[in-house]
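Residue numbers start at 1 and run along the sequence shown.
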Amino acid sequence: HTMAAAVPPMVVAAATVLLVLRLCALGQGTDNMVPGLPPNYDFDDPKAKHTRAAIAFDEAGQPRKARRAFEAAARFRPSETTFTNLGMFLLDRERYWDAQKALTEALRFNIDGDANEHLQQTHKHFFQQAKRKFKTAPQGAPVEDAWQIFEQLMSQGLPVKGPDTALQSHPPYEIDSIMSYEQLLQFVATDFQTEYWEQFPVLLHTDRSICSILSFEDVFNLTYIYQHDSKHYPYRNVKFIRKTFTPRDTSGIKTPQDLRRALANEQTLQFYAIYRWHSSVAQLCYDLSVRGKLGHPVNVNLYITPPKQAVSVHAHSDFQCSFMFQLAGRKRWRVWKRDEHFLPLRHGQDVGRDPDELIHVKDLRPPDIDVILEPGDVLYVCRGCLHATSTPDSDEPSMHLTVGMEALWDNGLSFTWDTFFGGGPTAQHPYIQQGFYEAMGNLAMKDPRFRESVPSDLLNGEKDIHSTGWRQQAKQRMHEIVDEMFEGTDFADRIQTAMRNTVLEQNTVLQKPYGAVPEGVVFEPPAAPEATAPRAWRDEL
């Protein structure tokens with residue numbers, strides 16, 4: 001702005017016109033167009049949805065226009081939401097003085113202190129983002145004043161995500177610090193569950209100690225049964241897949257030579273539930289569930305993918321949240337969080353797994369995460385997030401564990417609210433029905449309204465058009481029955497016990513016969529060796 005003020009306006013205008021003409025002459029006049037927005041966006045339109053435009057400009061890599069749009073939103077719709085959005089945008093770009101002014105303006109509005117749980121979680125993400133920014137602020141920036149303003153905003157429950165904004169906040173998609181095995185478990189037990197679990201994907205880095213959990217030699221020194229049911233002895237099973245999950249071979253015994261041949265044929269090796277024959281993997285399952293305080297049962301599959309694969313598996317979603325433990329080689333992961341597929345419950349809500357419904361990356365928007373996992377890296381992918389994998393830049397096979405934290409469980413009750421209330425697709429329980437009948441009996445004994453006859457308009461088939469009609473009476477009584485279920489019966493405790501017993505049963509099995517060490521005995525992985533490919537995996541063919 002200072003430079004512009006020193007130049008005559010006519011010179012600036014002429015230079016601007018020449019620049020535009022030059023861009024058009026080069027065929028680049030449409031480079032700055034943003035999908036869904038007109039090419040000449042009117043920042044002075046009081047009726048425009050400036051916040052949505054700001055987000056679009058920001059995602060398109062046009063921060064100056066994004067700032068103007070955020071400022072327009074605050075100018076035409078001044079509120080705690082619009083000023084906080086502007087302040088956070090400026091803070092993210094280290095414009096500390098301007099951010100301080102915007103946050104101060106946000107503080108002038110009446111703030112609703114009854115923000116719901118989701119909003120409070122959003123505030124926490126903004127708070128942590130601000131904290132990181134303030135820590136790196138240059139000397140002389142108004143850090144203390146801005147930080148106090150921001151703390152005051154957060155303490156009052158500022159609804160930074162309101163009906164007039166689509167702004168999405170999230171914690172960082174990557175944790176830069178290098179974690180030991182114990183630090184990883186501590187992170188899972190604390191920040192992970194409040195900030196990421198069933199919310200956002202995240203990339204973690206470890207000291208490579210996890211690479212010693214399983215080696216290529218551990219896998220290639222055994223024989224397997226093709227497509228064998230991993231729940232029955234002998235447990236060792238394998239499938240050969242390529243781009244989809246459709247098996248690519250016939251049943252029977254598969255030797256190490258067969259595994260190497262499948263890799264040479266550009267097929268991925270898929271092993272189900274390998275904790276059943278590798279105690280170190282059983283230990284990982286136990287530690288995440290118990291010491292990591294996930295509570296959920298944990299299952300692990302192993303994938304070994306040949307190098308130079310532009311597509312190892314097409315984009316698809318899964319029914320479980322998973323940690324991807326990269327043990328050897330390199331693998332590219334692209335992850336998309338899409339609301340329409342998020343947190344699936346029933347078959348048909350997962351996508352991209354069948355050959356007749358392939359999803360191609362070229363048809364998707366840019367991914368939320370696009371990363372190449374190196375040995376020792378851990379990637380968390382939420383249940384329902386689309387993800388596609390490849391090994392285009394690798395010279396050796398990739399080996400990773402898909403560590404699934406099961407919300408939908410085939411061996412007992414699942415662990416969703418859907419199941420809690422008796423609507424689970426598998427292993428439905430009777431406790432809701434039992435609690436309902438018990439609560440009804442309690443109320444019928446002590447409240448005469450539950451002993452009355454139903455209104456005659458119900459029996460006569462009349463439509464209920466009045467708020468005091470039979471439907472409204474039934475609705476009011478139903479609310480009272482639910483209250484009585486929680487206050488006068490133990491149905492919720494019975495559901496908790498049933499879910500907890502399912503987890504305890506699985507964790508007991510992990511200890512015996514699969515060899516996990518119980519809680520209280522710390523499992524220390526041996527020092528991580530250098531990651532190597534399976535011995536002469538091509539030369540032995």
Side-chain angles (χ1 to χ4, degrees), residues 79 81 110-123 157-166 197-199 295 319 338-350 383-384 407-409 412-502:
S79 69
T81 300
N110 293 326
I111 299 174
D112 180 8
D114 296 326
N116 62 33
E117 182 179 354
H118 172 76
L119 294 179
Q120 293 292 351
Q121 189 66 34
T122 303
H123 305 159
L158 173 61
V160 294
K161 183 179 179 182
D164 60 338
T165 173
W197 172 252
E198 292 192 340
Q199 297 177 80
F319 278 114
R338 306 205 308 186
D339 290 343
E340 62 268 32
H341 301 136
F342 202 55
L343 304 181
L345 283 174
R346 291 167 173 78
H347 289 290
Q349 294 179 333
D350 59 336
R383 176 162 57 103
L408 306 176
W409 189 241
L413 289 184
S414 293
F415 311 99
T416 65
W417 283 115
D418 181 57
T419 298
F420 183 95
F421 291 113
T426 61
Q428 295 181 351
H429 61 77
Y431 306 117
I432 289 286
Q433 187 177 18
Q434 292 173 0
F436 181 85
Y437 288 146
E438 187 176 344
M440 272 296 303
N442 295 344
L443 290 172
M445 290 294 294
K446 61 185 180 183
D447 189 337
R449 292 179 303 124
F450 286 85
R451 302 195 294 270
E452 295 174 352
S453 299
V454 297
S456 58
D457 57 355
L458 183 154
L459 301 177
N460 292 330
E462 297 178 7
K463 299 296 184 180
D464 178 22
I465 61 174
H466 302 292
S467 61
T468 57
W470 63 265
R471 290 182 184 273
Q472 185 65 24
Q473 294 181 48
K475 182 179 179 181
Q476 179 181 350
R477 285 167 173 77
M478 179 65 80
H479 283 302
E480 295 179 35
I481 294 171
V482 172
D483 290 340
E484 180 64 23
M485 286 176 66
F486 280 94
E487 297 169 5
T489 78
D490 64 350
F491 91 98
D493 296 330
R494 281 177 270 171
I495 298 174
Q496 181 189 30
T497 299
M499 287 185 170
R500 180 62 180 151
N501 284 344
T502 300

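Partners of A498 according to the side-chain contact (heavy atoms from CB on, under 4.5 Å) rule, which considers only residues two or more places apart in sequence or in another chain, are L413, Y431. Residues meeting the salt bridge (charged side-chain N to carboxylate O under 4.0 Å, His left out) test with R477, sequence neighbours left out: E452. Scanning for ring-ring contact (aromatic ring centres under 6.0 Å, His included) contacts around F319 gives H347, with sequence neighbours left out. By the side-chain hydrogen bond (donor to acceptor under 3.5 Å, both in side chains) test, E480 is found to be paired with R449, residues two or more places apart in sequence or in another chain being considered. For the side-chain contact (heavy atoms from CB on, under 4.5 Å) test, residues two or more places apart in sequence or in another chain that qualify with P430 are Q434.
Here the side chains of I432 and I495 are in contact, with some heavy-atom distance below 4.5 Å. Side chains of R383 and L345 form a contact here, defined as non-hydrogen atoms less than 4.5 Å apart.
Judged purely by atom type and a 3.5 angstrom limit, S414 uses its side chain to pair as donor or acceptor with the backbone of W409. Distance alone, capped at 3.5 Å, is enough to place a donor-acceptor pair between the H429 side chain and the T419 backbone. One N or O on the side chain of N460 and one on the backbone of S456 form a donor-acceptor pair closer than 3.5 Å.
Within 6.0 Å of the CD atom in Q349, the count of heavy atoms belonging to other residues, nucleotides or ligands exceeds 12. Crowding of R338 atom CZ: a count of heavy atoms from other residues, nucleotides or ligands under 6.0 Å exceeding 12.
Contact record, M478 with F436: SD-CE1, 3.9 Å, taken as the closest heavy-atom pair. Residue P344 comes nearest to G384 through the heavy atom pair CD-CA, 3.5 Å, listed as atom of the first residue, atom of the second, then distance.
With rounding to the nearest 0.5 Å, the separation of CZ in R500 from CG in D493 is 14.5 Å. Rounding to the nearest 0.5 Å places CG of L443 at 4.5 Å from CZ of F450. Interatomic distance, L343 CG to L408 CG, rounded to the nearest 0.5 Å: 10.0 Å.
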List the atom pairs, with distances to 0.1 Å, where a side-chain N or O of residues 481-488 and a protein N or O form a donor-acceptor pair under 3.5 Å, not counting sequence neighbours.
| unit_1 | atom_1 | unit_2 | atom_2 | d |
| --- | --- | --- | --- | --- |
| E484 | OE1 | K446 | NZ | 3.2 |
| E484 | OE2 | N442 | ND2 | 3.2 |

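F420 and W417 have perpendicular rings, their planes meeting at more than 60° on a 0 to 90° scale where under 30° would count as parallel.
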